[in-house]
Amino acid sequence: MHEEHDNTCKGGIARMSIRMGDIRRGVNLALELSNRLLCKECAAILEAIKQFPEAAMLYEKGNSYDKAAQVYMKARNWSKVAEILPNITSPKIYIQYAKNREHEGKFKEAANAYEAGKVYDS
């Protein structure tokens, strides 16, 4: 009972720390608690204040891989997108990733992404 209460309080502290600008403290608390919902909530707050790398990491920890990939793309962290690509379900994300790889001249990676996303007409 006490542990649940403590974790609820720590979750509130994590969210408010992020909102008040103490991003490191908030992210560390969210990671410490290993609560998927809290990670997603904190990630949404971070995304709203344009802290994309931290937001994407917390979306990933919350198993929201499609959202994590979208935010990693906003942060232009294509290597992290590539890491979580096997967990992605949205063809739209595969298309965005593949188009970026084409633009960068990495055609094999682009072709693999199109194939993995079952996108055959781009």
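Residue indices begin at 1 and follow the sequence shown.
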**OP:** Kindly give the heavy-atom pair with the smallest separation between Tyr72 and Met57, and that separation in Å.
**Re:** OH-CA, 3.6 Å
Subject >> Nearest heavy-atom neighbours spanning Ala68 and Ala56 >> reply: CB-O, 3.6 Å
**OP:** Check whether Val81 and Tyr65 end up in the same hydrophobic cluster, where Ile, Leu, Val, Met, Phe, Trp and Tyr are linked by side-chain heavy atoms less than 4.5 Å apart.
**Re:** yes
Original post:
With sequence neighbours excluded, what pairs up with Glu104 under the salt bridge (charged side-chain N to carboxylate O under 4.0 Å, His left out) test?
Top reply: none
Original post:
Closest heavy-atom contact between Ala55 and Leu46?
Top reply: CB-CB, 3.7 Å
Original post:
Say you draw a straight line from CZ of Arg36 to CG of Asn63; how long is it, rounded to the nearest 0.5 Å?
Top reply: 4.0 Å
Original post:
Quick one: salt bridge (charged side-chain N to carboxylate O under 4.0 Å, His left out) partners of Glu41, sequence neighbours excluded?
Top reply: Arg15
Original post:
Linking I/L/V/M/F/W/Y whenever their side-chain heavy atoms sit closer than 4.5 Å, directly or via other members, would Leu31 and Ile18 fall into one cluster?
Top reply: yes
Original post:
Closest approach of Ala69 and Ile93, non-hydrogen atoms and distance?
Top reply: CB-CG2, 3.8 Å
**OP:** Provide the closest heavy-atom pair for Glu54 versus Ile23 in the form atom of the first, atom of the second, distance.
**Re:** CG-CG2, 4.3 Å
Subject >> Note, Tyr94 side chain near Tyr114 side chain (heavy atom, < 4.5 Å) >> reply: no
Original post:
Given the rule in the side chain to side chain contact (heavy atoms under 4.5 Å, CB included) test, do Leu58 and Lys40 qualify, once you have shown the distances and angles that lead to the verdict?
Top reply: CA-CA 6 Å; Leu58 286 179; Lys40 291 176 196 176; over 6 Å; no
Subject >> Where at least one partner belongs to residues 56-83, residue pairs that pass salt bridge (Lys or Arg N to Asp or Glu O under 4.0 Å), sequence neighbours excluded >> reply: Glu47-Lys67, Glu47-Lys74, Glu60-Lys80, Lys80-Glu83
Original post:
Going by distance alone, is a donor N or O of one side chain under 3.5 Å from an acceptor N or O of the other, for Thr8 and Asp6?
Top reply: no
Subject >> Results of salt bridge (charged side-chain N to carboxylate O under 4.0 Å, His left out) for Lys106 - residues two or more places apart only >> reply: none
Subject >> Closest non-hydrogen atom pair, Cys39 against Ala30 >> reply: SG-O, 3.9 Å
Subject >> Hydrophobic cluster identity match, Tyr59 and Phe52, side-chain contacts under 4.5 Å >> reply: yes
Original post:
Can you hop from Ile49 to Met73 via hydrophobic side chains spaced under 4.5 Å?
Top reply: yes
**OP:** Measure the CD-OG distance between Gln70 and Ser64 for me, rounded to the nearest 0.5 Å.
**Re:** 10.0 Å
Subject >> Verdict with supporting geometry, Asn7 and Asn35, side chain to side chain contact (heavy atoms under 4.5 Å, CB included) >> reply: CA-CA 9 Å; Asn7 288 344; Asn35 178 313; over 6 Å; no
Original post:
What's in the same ILVMFWY side-chain cluster as Phe107, cut-off under 4.5 Å, chained through other members?
Top reply: none
**OP:** May I ask whether Tyr97 and Ile88 are part of the same hydrophobic cluster, defined by side-chain heavy atoms of I, L, V, M, F, W, Y residues being less than 4.5 angstrom apart, directly or through others?
**Re:** yes
**OP:** Please list all pairs passing the side chain to side chain donor-acceptor pair (under 3.5 Å) test where one or both residues lie in residues 16-25, with sequence neighbours left out.
**Re:** none
